[in-house]
There are 2 protein chains.
Amino acid sequence: MSGVLHVLLHMAEVDGPVTSETLARMMQTNPVVIRRVMAGLKAAGTVRSDKGHGGGWTLARDLASLTLLDIYHGIGSPPLFAIGNRREAPECAVEQAVNEALDASLDEAEALLLASFGTVTLATLSQNFHRRLAERRAATSSGDRHDH
Amino acid sequence: MSGVLHVLLHMAEVDGPVTSETLARMMQTNPVVIRRVMAGLKAAGTVRSDKGHGGGWTLARDLASLTLLDIYHGIGSPPLFAIGNRREAPECAVEQAVNEALDASLDEAEALLLASFGTVTLATLSQNFHRRLAERRAATSSGDRHDH
DNA sequence: TCTCATGTAACTTTCAATGTTACGAACTAG
DNA sequence: CTAGTTCGTAACATTGAAAGTTACATGAGA
Ligand code: FES
Ligand code: FES
């Protein structure tokens with residue numbers, strides 16, 4: 001999640017397509033890992049990929065129309081919580097009671113979290129990024145690009 | 001978390017102390033694993049342990065006075081979310097913007113979740129367990145003990 | 001004193017996430 | 001058409017954290 005958002009913000013800073021190779025260097029990882037995680041976003045229509053010369057990854061939608069919730073679903077809606085239930089279909093009454101109680105709390109928290117995700121757009125993230133950049137530039141009076 | 005609650009409910013069903021060995025068999029795991037996880041609860045005053053003959057683990061507090069929040073803190077307040085931030089102290093402005101946005105949502109959800117945990121007592125869990133047991137007994141008309 | 005049980009360190013096993021290699025398919029420049 | 005580039009994906013390798021295991025010391029009863 002965190003990594004994907006980072007990648008998307010990078011893509012937003014460049015006008016042309018960006019290759020998996022370039023993105024991988026930025027994220028200090030492997031091009032295949034980039035492709036793997038982008039696959040879901042491509043299927044969701046969030047990004048576009050082109051092969052051959054001048055190819056690479058492009059944002060297919062406007063930053064303002066993309067929420068964290070879109071991204072979360074785009075990467076396959078992975079489990080949100082680290083403390084899940086031990087067994088999926090327990091016959092045991094103890095397990096059932098424990099699961100029922102935990103699920104009640106977890107489901108409530110999950111609903112709030114996803115709703116919260118739905119209110120945050122990538123445009124907001126990008127604005128925050130540029131604000132930080134401006135503040136940093138003002139503070140250090142150095143060049144006009146960030147270091148990496 | 002789920003496993004610890006299961007253990008505690010088992011202890012609530014027995015009057016005397018229960019050994020790590022017995023609990024481990026119930027949970028299909030190793031006695032040392034039981035002791036490891038109980039260590040925090042003991043330090044928190046939730047359970048008591050006695051060595052030697054007739055020793056083992058005992059609940060030190062009333063079920064009604066124990067909430068899921070107590071248990072959560074007792075086991076060391078582990079990370080709740082599976083989708084955390086990649087780096088703790090990022091110098092990079094992109095990471096900072098991403099972390100800020102995610103943390104805002106996650107902190108909100110975490111607060112709700114912990115508050116929710118605070119409202120659920122182990123007594124409630126135990127009651128739910130016995131209710132399920134009664135329902136099951138009524139449905140099957142079999143003996144008066146659950147199977148495992 | 002002998003047995004039982006916890007406390008804990010050290011080691012091993014397991015398993016999922018991540019990283020890597022390899023190669024095929026699609027695309028473009030020339 | 002050919003060569004170079006890039007994605008798509010399967011297969012394999014590496015890594016790291018969680019769980020399991022072994023071993024032994026400590027404390028408490030019988
Ligand atoms: S396994 Fe513990 S009561 Fe069912
Ligand atoms: S590492 Fe991507 S902008 Fe800093």
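Below, chains carry the letters A, B, ... as their sequence lines are ordered, and counting in each starts from 1.
- Sorted by first and then second residue, the salt bridge (Lys or Arg N to Asp or Glu O under 4.0 Å) pairs with a member in residues 106-118 of chain A form an empty list; sequence neighbours excluded.
- Considering only side-chain N and O atoms, A:Ser20 lies nowhere under 4.0 angstrom from the phosphate OP1 or OP2 of D:dT6.
- One can place CE of B:Met27 at 11 Å from P of D:dA19, the figure rounded to the nearest angstrom.
- For the residue pair B:His130/B:Glu13, the side-chain donor-acceptor check at 3.5 Å is satisfied.
- If you take CD1 of B:Ile75 and C1' of D:dA18, they are 14 Å apart, rounded to a whole angstrom.
- Per the geometry, CD belonging to B:Glu21 stands 15 Å off P belonging to C:dG7, to the nearest Å.
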Nucleotide N/O to protein N/O under 3.5 Å, stretch nucleotides 11-14 of chain C:
none

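- When the P atom of C:dA5 is taken as reference, atom CZ of B:Arg25 falls 10 Å away, rounded to whole Å.
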Please tabulate, for the side chains in residues 55-62 of chain A, all donor-acceptor contacts under 3.5 angstrom to protein atoms that are two or more places apart in sequence or on a different chain.
residue	atom	partner	partner atom	Å
A:Trp57	NE1	A:Ser20	OG	2.9
A:Arg61	NH2	A:Ser65	O	2.9
A:Asp62	OD2	A:Ala64	N	2.9

Protein and nucleotides 22-28 of chain C: nitrogen or oxygen contacts under 3.5 angstrom:
residue	atom	partner	partner atom	Å
C:dA26	O4'	A:Lys51	NZ	3.2

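- Counting heavy atoms from C-beta on, the side chains of A:Asn99 and B:Ser2 come closer than 4.5 Å.
- With sequence neighbours left out, A:Asp50 forms a salt bridge (charged side-chain N to carboxylate O under 4.0 Å, His left out) with A:Arg48.
- The nearest whole Å value for the distance from the CH2 atom in B:Trp57 to the P atom in C:dT6 is 7 Å.
- The side chain of A:Thr19 lies closest to D:dC7 when the candidates are C:dG19, D:dC7, C:dG7.
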Kindly list each side-chain donor-acceptor pair under 3.5 angstrom involving residues 71-81 of chain A, sequence neighbours excluded, with atom names and distances?
residue	atom	partner	partner atom	Å
A:Tyr72	OH	A:Pro78	O	2.6
A:His73	ND1	A:Leu69	O	3.4

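- A straight line from CD1 of B:Ile83 to P of C:dT18 spans 13 Å, rounded to a whole angstrom.
- Scanning for side-chain contact (heavy atoms from CB on, under 4.5 Å) contacts around B:Val32 gives B:Asn30, B:Arg35, B:Arg36, with sequence neighbours left out.
- In this structure, B:Ile34 atom CD1 and C:dT6 atom C1' are separated by 13 Å, rounded to whole Å.
- Using a 4.0 Å cut-off, no side-chain N or O of B:Ser49 falls inside it from OP1 or OP2 of C:dT6.
- Spacing between atom CG of A:Asn30 and atom C1' of D:dG8 amounts to 14 Å, rounded to whole angstrom units.
- By the side-chain contact (heavy atoms from CB on, under 4.5 Å) test, B:Glu100 pairs with A:Asn128, A:Arg131, A:Arg132, sequence neighbours left out.
- At least one side-chain nitrogen or oxygen of A:Lys42 sits closer than 4.0 Å to the OP1 or OP2 atom of D:dG8.
- Considering only residues two or more places apart in sequence or on other chains, B:Thr121 meets the side-chain contact (heavy atoms from CB on, under 4.5 Å) condition with B:Thr67, B:Ala123, B:Thr124.
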